[in-house]
Amino acid sequence: MSDANTVVVLDFETTGLSPDYGDRAIEIGAVKINQGVVVDRFQGLMNPGKPITGFIENYTGIYNHMLKDAPPCAEVMQQFSEFIGDYNLVAHNASFDKRFLDAELAAISQPYSGEFACSMLMARRIYQDAPNHKLSSLIHYRGIESQGEFHRALYDAEMTAKFWLVMLADIEQQFALPAVPFSLIQTLMKTPKQKIARVIDNQRPCYG
DNA sequence: TGCCAGGCCCTCTTTAGGGCCTT
């Protein structure tokens with residue numbers, strides 16, 4: 001069921017960068033957040049039907065022997081489709097994860113209706129002084145505790161979720177907002193950096 | 001087998017090019 005107060009933060013590990021060139025998902029990790037609290041988690045390795053490269057093994061810590069007996073992408077993605085339902089979605093560099101979500105769900109003819117928000121596009125606007133906008137760098141920049149073991153799907157989804165909540169809290173504090181609705185996030189993602197403050201001011205509810 | 005992308009955003013821009021970010 002759709003719920004404006006719930007988002008699913010997700011992260012894919014994949015065989016490469018482009019589903020249009022045959023790359024497939026090998027792991028999906030996600031956390032469901034309701035009103036700032038993690039209420040559910042999803043993690044699944046999946047067999048992409050072909051060996052992964054040594055680069056991907058080293059990058060993710062996921063090895064071919066781990067995928068050999070994993071269920072196929074269709075089975076895991078069917079379960080994940082039920083997990084995300086119609087909830088809105090968040091990912092770091094969401095254009096990447098959206099391409100794989102679209103491709104894997106299209107392969108099993110499963111639509112979804114949630115809207116994507118991108119923590120990277122938001123961070124580029126809110127944290128303009130950060131050294132860069134990689135997920136690991138932003139976690140360090142905002143002083144969020146981590147084990148430094150990035151590049152597994154559920155871990156990255158957990159860290160993205162923590163960062164997302166910190167960023168929303170920072171926006172609320174910086175701009176004196178009682179809350180940051182998803183609709184405002186979508187507007188801000190398309191707003192030039194220089195106009196962020198003005199747009200938020202215009203969205204602030206009137207009191208009295 | 002081995003090959004590979006795409007959207008955002010800045011600037012030495014807009015009739016373009018290149019860095020960032022994701023695996």
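Values in this document were obtained by computation on a predicted structure and should not be read as measured data. Naming convention: chains lettered A, B, ... in sequence-line order (proteins, then strands); numbering from 1 in each chain.
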For a 4.5 angstrom cut-off between non-hydrogen side-chain atoms, does A/L10 reach A/I28?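 Yes, close enough: below the 4.5 Å cut-off.
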Closest nucleotide among [options] to the [X] side chain:
| X | options | answer |
| --- | --- | --- |
| A/R99 | B/dC8, B/dG6, B/dT23 | B/dG6 |
| A/N93 | B/dT23, B/dT22, B/dA5 | B/dT22 |
| A/R125 | B/dC9, B/dT22, B/dA5 | B/dC9 |
| A/H151 | B/dC9, B/dT23, B/dT22 | B/dT23 |
| A/T60 | B/dC21, B/dC9, B/dT23 | B/dT23 |
| A/R124 | B/dT23, B/dC4, B/dC8 | B/dC8 |

Starting from [atom2] on [N], measure out to [atom1] on [X] and report it in whole angstrom.
| X | N | atom1 | atom2 | value |
| --- | --- | --- | --- | --- |
| A/Y59 | B/dC21 | OH | P | 12 Å |
| A/D102 | B/dA5 | CG | P | 19 Å |
| A/I26 | B/dT22 | CD1 | C1' | 13 Å |
| A/D20 | B/dT23 | CG | P | 18 Å |
| A/Y63 | B/dT23 | OH | P | 16 Å |
| A/Y21 | B/dT1 | OH | C1' | 17 Å |
| A/N132 | B/dC10 | CG | C1' | 16 Å |
| A/L17 | B/dC20 | CG | P | 16 Å |

If you look at every strand shown and take non-hydrogen atoms under 4.0 Å, does [X] touch a base, only sugar-phosphate, or nothing?
| X | value |
| --- | --- |
| A/N58 | nothing |
| A/L135 | sugar-phosphate |
| A/F12 | sugar-phosphate |
| A/D97 | nothing |

How are the rings of [X] and [Y] set relative to one another: parallel (under 30°), tilted (30 to 60°) or perpendicular (over 60°)?
| X | Y | result |
| --- | --- | --- |
| A/Y112 | A/F116 | perpendicular |
| A/F42 | A/F83 | tilted |
| A/Y127 | A/F163 | tilted |

Whole-Å [atom1] distance, [N] and [M]:
| N | M | atom1 | value |
| --- | --- | --- | --- |
| B/dT13 | B/dG19 | P | 16 Å |
| B/dC4 | B/dC10 | C1' | 26 Å |
| B/dG7 | B/dT23 | C1' | 16 Å |
| B/dG17 | B/dC12 | C1' | 10 Å |

Given the rule in the salt bridge (charged side-chain N to carboxylate O under 4.0 Å, His left out) test, do A/R41 and A/E158 qualify, once you have shown the distances and angles that lead to the verdict? CA-CA 9 Å; A/R41 291 174 170 82; A/E158 296 262 16; 2.4 Å; yes
Residue-phosphate contact under 4.0 Å: A/H133 side-chain N/O, B/dC20 OP1/OP2: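 Answer no for this pair, as no side-chain N or O of A/H133 is under 4.0 Å from OP1 or OP2.
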Is there a side-chain contact between A/K193 and the phosphate of B/dC10, meaning an N or O under 4.0 Å from OP1 or OP2?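 Yes, A/K193 has a side-chain N/O under 4.0 Å of OP1/OP2 on B/dC10.
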Apply salt bridge (charged side-chain N to carboxylate O under 4.0 Å, His left out) to residues A/R152 and A/D11 and explain how you reach the verdict. CA-CA 8 Å; A/R152 283 299 297 267; A/D11 183 71; over 6 Å; no
Here's a test of your reading of the structure: between A/T14 and A/S18, which maps to the more 5' nucleotide of DNA chain B?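 Nearer the 5' end of the strand: A/S18.
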